[in-house]
Number of protein chains: 2
Amino acid sequence: MHTHLEEDRQLLYQNALDHLKGKGIRLTDTRKAILYYLIGSPNHPSAEMIYRDLLPSFPSMSLATVYNNLKLLVDEGFISELKVSQDSTSRYDFMGNEHPHIVCERCGAIEDFMDSHHPNIHQAIERRTGYQVTRSQLVVYGLCPNCQEALKKA
Amino acid sequence: MHTHLEEDRQLLYQNALDHLKGKGIRLTDTRKAILYYLIGSPNHPSAEMIYRDLLPSFPSMSLATVYNNLKLLVDEGFISELKVSQDSTSRYDFMGNEHPHIVCERCGAIEDFMDSHHPNIHQAIERRTGYQVTRSQLVVYGLCPNCQEALKKA
DNA sequence: TTGCTTGCAAAAGGTTTGCATTAAG
DNA sequence: CTTAATGCAAACCTTTTGCAAGCAA
């Protein structure tokens, strides 16, 4: 559900490139690689993971460049930053539409899932709190199927 | 709704003390002060804020002690840790029952609010994801009423 | 008395910044 | 040619850790 099909990936990638070009943002090789990587990754990678995975292709790339670009892509609205309990690093997520995350408290996996009535609550929240709501993040914690199995055996 | 009445505060405080004592955890002055502070605070303070506010009463207290005790209180289930976007520090929250938070993206305020049907979704999520759900955190971002006013004037 | 807890300072992450250099447009 | 973006290293901020001293039980 979060792993985009190859055609989708190309489309989203081209879309993003067009947007960036339109704003006069330069399309460097590293920037394009980071963006492309994020569109294809279902794993909500950290800056470090992205760096490690791209380093073979860009041996001179620095971690700071990864951070710079992550910030830029967050600011441009292409990716979102996700901080979860028991993890001191930020995780990143390419996704236009809002969706909840579910985190395994044992192995640290993060997955997306869909929740139909989740965005609908914004209006109710505005009425109740007086806030002007821009977005919401639902993070669910638990045990993933793999870890449930592993614990049964132990 | 999160600021406990004085009587509630005393009750919750005594409850927590009893629990800690029952587990053989020592009740030091700083530990008690941090716990008591958190029960009465509606502001979701960071470790630094707690440290700053308690320092006048405990001039020799160190920040490490605040962190130590926050970790202990999280482990014992009395408080929860909350990480929000655009804030590099952890915020803490005394609260037995689960409840959503709403964060002002302009001034950084964090407030609690109640959401009746929020806990009910756990079963549906378990069915859909295969995860064994233990808890969930809903964080809503937006503009608080004060900041809405401030922006109107500007 | 026992050993958990504290205070201090140093270390350990993770992220940001300053600056000279490189390269996109 | 201009200036945004990169790579590098140092700085920064938050949190954790090691250890001797202190104090709750």
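On a predicted model such as this, the values are computed, not experimentally measured, just so you know. Within every chain, numbering begins at 1; the chains are lettered A, B, ... in the order of the sequence lines, protein sequences first and strands thereafter.
Within residues 82-91 of chain B, the residues that have a heavy atom under 4.0 Å from DNA chain D are, in order of number, B:Ser88, B:Thr89, B:Ser90. Near DNA chain C, defined here as any heavy-atom distance below 4.0 Å, the residues from residues 56-72 of chain A are A:Ala64, A:Tyr67, A:Asn68, A:Lys71, listed numerically.
For D:dT6, the OP1/OP2 oxygens have a side-chain nitrogen or oxygen of A:Arg31 closer than 4.0 Å.
In this structure, A:Glu81 atom CD and C:dT15 atom C1' are separated by 10 Å, rounded to whole Å. We find that CD of A:Glu48 is positioned 14 Å from P of C:dT16, with the value rounded to whole Å. The distance from atom CG of A:Asp75 to atom C1' of C:dT16 is 14 Å, rounded to the nearest whole Å. Rounded to an integer number of Å, the gap from B:Ile34 CD1 to C:dT6 C1' is 11 Å. Distance, A:Leu20 CG to D:dA5 C1': 13 Å, rounded to whole Å. Whole-Å rounding puts the A:Lys23 NZ to D:dA4 C1' distance at 15 Å.
Across its full length, the helix from C:dT1-D:dA25 to C:dG25-D:dC1 shows an angle of 40° between the axes of its 5 terminal pairs at either end, rounded to 10 degrees.
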Contacts table for residues 49-65 of chain A: side-chain donor-acceptor under 3.5 angstrom, sequence neighbours left out:
unit_1, atom_1, unit_2, atom_2, d
A:Asp53, OD2, A:Tyr37, OH, 2.5
A:Ser62, OG, A:Ala64, N, 3.2
A:Ser62, OG, A:Thr65, N, 3.4

Donor-acceptor pairs under 3.5 Å, side chain of residues 139-148 of chain A to any protein atom, not counting sequence neighbours: which ones?
unit_1, atom_1, unit_2, atom_2, d
A:Tyr141, OH, A:Ser85, N, 3.1
A:Tyr141, OH, A:Ser85, OG, 3.4
A:Gln148, NE2, A:Leu143, O, 2.9
A:Gln148, NE2, B:Gly130, O, 2.9

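Side-chain rings of B:His19 and B:Phe78 approach one another, their centers coming within less than 6.0 Å.
Taking CD1 of B:Ile110 as the reference point, atom CG of B:Asp93 lies at 8.5 Å (rounded to 0.5 Å). Interatomic distance, A:Thr129 OG1 to B:Asp112 CG, rounded to the nearest 0.5 Å: 12.0 Å. To the nearest 0.5 angstrom, A:Glu111 atom CD is 9.5 Å from A:Asn43 atom CG. Taking CD of B:Glu126 as the start and OG1 of B:Thr134 as the end, the distance is 9.0 Å to the nearest 0.5 Å.
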**Asked** Stepwise, does the side-chain hydrogen bond (donor to acceptor under 3.5 Å, both in side chains) test hold for A:Gln10 with A:Glu6?
**Response** CA-CA 6 Å; A:Gln10 295 300 335; A:Glu6 190 50 34; 2.9 Å; yes
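Using a 4.0 Å heavy-atom criterion, one finds that A:Ser46 contacts no nucleic acid atom at all.
Cation-pi geometry between A:Arg9 and A:Tyr36 is satisfied (NZ or CZ under 6.0 Å from the ring centre, within 45° of the ring normal).
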List every contact pair, protein side and nucleotides 23-25 of chain D side both N or O, where the distance is under 3.5 Å.
unit_1, atom_1, unit_2, atom_2, d
D:dA25, OP1, B:Leu27, N, 3.3

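Listed here is the closest heavy atom pair of B:Phe94 and B:Leu38: CB-O, 3.6 Å.
A salt bridge between B:Arg91 and B:Glu81 is absent, with no side-chain N of the basic residue lying under 4.0 Å from a carboxylate O of the acidic one. Salt-bridge check for B:Arg135 with A:Glu105: passed, with a basic side-chain N closer than 4.0 Å to an acidic carboxylate O.
Checking A:Thr89 against A:Glu48 by side-chain atom types alone, no donor-acceptor pair falls below 3.5 Å.
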